[in-house]
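The structure displayed is predicted, hence computed values, not measured ones. Letters A, B, ... mirror the listed sequences (proteins, then strands); counts begin at 1. Excluded from the calculations below are hydrogen atoms, water molecules and symmetry mates; all remaining heavy atoms, backbone and side chain alike, are included.
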There are 2 protein chains.
Amino acid sequence: MQATAVVTSRPPMKAAALPIARVPKPSGTVHSPHDVLRTIQPVGVVSSYDRGQGIFREGDGATHWYEVVSGVARTCKLLADGRRQIGEFLLPGDVFGFEVGDTHTIDVEAISPAAITRFSRARVRLLVECEAGLATQLQQLAFETVSKAHARLLVLARQTAQERVVSFILEMARRLAPHDDTILLPMTRQDIADYLCLTIETVCRTMSDLKRERLIRVPSPQHLVLVDRDSLEDMVGT
Amino acid sequence: MQATAVVTSRPPMKAAALPIARVPKPSGTVHSPHDVLRTIQPVGVVSSYDRGQGIFREGDGATHWYEVVSGVARTCKLLADGRRQIGEFLLPGDVFGFEVGDTHTIDVEAISPAAITRFSRARVRLLVECEAGLATQLQQLAFETVSKAHARLLVLARQTAQERVVSFILEMARRLAPHDDTILLPMTRQDIADYLCLTIETVCRTMSDLKRERLIRVPSPQHLVLVDRDSLEDMVGT
DNA sequence: CGGGATCTTGAGCCCGCTCAAACACTGTGG
DNA sequence: CCACAGTGTTTGAGCGGGCTCAAGATCCCG
């Protein structure tokens with residue numbers, strides 16, 4: 001009965017730091033399927049969540065889709081042995097809540113104060129029946145989710161601990177600070193470990209190795225600086 | 001430069017054994033999203049493939065969707081270091097070929113003689129614009145793919161070699177012989193290894209262990225008998 | 001400052017990998 | 001009928017990366 005990565009007793013009202021705002025889309029080129037949601041925007045309702053608060057839980061009715069407006073969330077699956085698997089980190093612009101059946105099969109929780117838009121599945125379906133093009137666009141959104149899951153599968157299945165950590169750093173650099181080499185991580189080391197299927201110790205050790213090799217700097221645990229992005233990218237064959 | 005799991009020089013016309021036919025759907029209850037394709041059946045074109053023959057390759061234009069009528073196929077991704085990742089085994093009734101962009105990002109090959117229906121994406125889109133309900137059903141199909149990818153992620157990310165092999169055996173028993181304890185595996189040990197992210201040696205050893213524990217029998221390498229299904233299911237927490 | 005949570009480092013172990021060899025099955029040619 | 005090659009499968013010996021267990025260091029907020 002190992003209980004490694006149990007969710008820490010969540011402080012529900014600990015509103016705090018790290019108000020991560022919507023990254024302004026590269027205006028002009030609007031090719032992202034995410035922009036589908038602009039079409040159905042009128043159907044959306046925005047809510048605020050505190051750090052650690054759940055948006056929905058496994059078993060809840062899957063009546064809505066969601067989009068992150070600001071802040072960061074994580075999708076979690078609690079395993080039978082008490083460990084936790086983080087499916088993805090949800091950043092502003094990300095859409096989530098797709099389900100086959102009528103109930104959610106994962107938990108989603110805010111890891112920083114967050115604003116999240118809720119879209120009624122029923123209402124979206126009505127919209128789809130009016131606007132033919134919308135169906136194809138939503139399909140693209142779903143395919144994109146499939147594609148991401150497969151990419152993640154390759155990382156977790158085939159990469160070493162070091163490659164996983166580097167993949168993670170590069171992913172976060174791309175998503176959190178596209179035009180900068182300094183990133184402020186909204187998640188804890190335990191979150192990273194549960195995301196990469198490693199132990200917290202291995203994540204720490206690997207980051208220390210990267211620091212020692214002068215590939216990154218770590219001014220504080222949440223603060224990462226990419227010193228040699230090219231070498232990092234070479235390590236994961238990007 | 002390790003080149004473990006390169007595809008063997010494929011004998012293109014070696015039509016042979018194992019003609020796996022469509023498993024008759026449990027008639028009456030028709031809740032599977034797969035049945036969507038019955039609606040668009042008229043748009044489909046059936047082709048035959050030989051053992052080892054490619055249906056499409058990475059980089060090919062993604063102009064169609066596909067459904068397996070009979071036989072078995074595998075989706076493959078060749079990695080930079082020469083290893084191979086098998087994404088899934090495609091059995092009769094399975095649908096594949098979903099892509100975000102205009103080109104395929106994986107290879108799909110028949111591993112036994114197979115018949116496969118091809119649906120033009122453009123034509124399906126036209127159908128969707130006429131039949132509103134179809135869009136929602138196709139969406140379900142896409143969500144189902146997402147769901148499978150996530151389940152697979154958990155297997156590869158969190159399970160031990162033994163748990164993976166048992167998961168595989170139970171999956172194949174469920175899909176290939178739902179009403180029977182004897183299964184005829186259409187794939188090689190190497191395929192299984194590339195599917196489970198293990199080495200061929202580990203797959204063999206694990207199967208020998210299971211044999212020694214009297215949980216399965218292996219009359220021939222392709223021939224599996226589940227002796228104690230309950231114990232097997234306990235091992236993976238099903 | 002004090003105390004709890006989070007992060008970091010160290011020592012030793014074990015599972016799955018690597019390398020190597022033997023075995024089983026099938027088809028071919030003499 | 002056997003010899004032989006080729007492919008796929010099985011088993012053995014030893015190594016190493018990431019995990020476990022344990023202790024310290026650091027951060028954060030009162």
Expressed in angstrom and rounded to an integer, what is the separation of A/Arg189 atom CZ from D/dC28 atom P?
12 Å
Not counting sequence neighbours, which residues clear side chain to side chain contact (heavy atoms under 4.5 Å, CB included) with A/His64? List them please.
A/Tyr66, A/Arg118, A/Ser120
Selection: residues 158-171 of chain B, any non-hydrogen atom under 4.0 Å of DNA chain C
B/Thr160, B/Ala161
Rounded to whole Å, CG of A/Asp209 lies from P of D/dG17 at a distance of 11 Å
Polar atoms only, N or O, under 3.5 Å: list the protein pairs with nucleotides 9-13 of chain C and their distances.
{"from": "C/dT9", "atom 1": "OP2", "to": "A/Ser208", "atom 2": "OG", "distance (Å)": "2.1"}
{"from": "C/dG10", "atom 1": "N7", "to": "A/Arg205", "atom 2": "NH1", "distance (Å)": "2.7"}
{"from": "C/dG10", "atom 1": "O6", "to": "A/Arg205", "atom 2": "NH2", "distance (Å)": "3.2"}

What integer distance in Å separates B/Met207:CE from C/dG16:C1'?
16 Å
Rounded distance in Å - CD (A/Gln190) to C1' (D/dC19)
13 Å
Side chain to side chain contact (heavy atoms under 4.5 Å, CB included) involving B/Thr202 - partner list, sequence neighbours excluded
B/Ala161, B/Leu198, B/Thr199, B/Thr206
Would you say the rings of A/Phe96 and A/Trp65 are close, in the sense that their centroids are separated by under 6.0 Å?
no
For the residue pair B/Arg175 and B/Phe89, would you count it as a cation-pi contact if the rule is NZ or CZ under 6.0 angstrom from the ring centre and within 45 degrees of the ring axis?
no
How many whole angstroms separate atom CG of B/Asp194 from atom P of D/dT9?
12 Å
Option passing salt bridge (Lys or Arg N to Asp or Glu O under 4.0 Å) with B/Lys77 (candidates B/Glu109, B/Glu88, B/Glu58)
B/Glu58
Side-chain (A/Asp180) to main-chain (A/Ala177) donor-acceptor, under 3.5 angstrom:
no
Please list, chain by chain and in numerical order, all residues satisfying side chain to side chain contact (heavy atoms under 4.5 Å, CB included) with A/Ala151, sequence neighbours excluded.
none
Please figure out whether A/Leu198 or A/Pro221 has its closest DNA chain D nucleotide nearer the 5' end.
A/Leu198
Give the rounded distance in Å between these two atoms: CG of A/Leu185 and P of C/dT6.
15 Å
Using OP1 and OP2 only, check whether a side-chain N or O of A/Gln222 sits under 4.0 Å from C/dC7.
yes
Who pairs with A/Gln85 by side chain to side chain donor-acceptor pair (under 3.5 Å), at least two apart in sequence or on another chain?
B/Arg158
State whether A/Tyr195 and A/Arg164 meet the cation-pi test: NZ (Lys) or CZ (Arg) under 6.0 Å from the six-membered ring centroid, and within 45° of the perpendicular axis.
no
Atom NE2 of B/His223 and atom C1' of C/dA24 are separated, to the nearest Å, by 17 Å
Could you tell me the separation between the CD1 atom of B/Ile192 and the P atom of D/dT10, rounded to a whole number of Å?
9 Å
For a quick test of reading the model: is some side-chain N or O of B/Thr199 closer than 4.0 Å to OP1 or OP2 of C/dC17?
yes
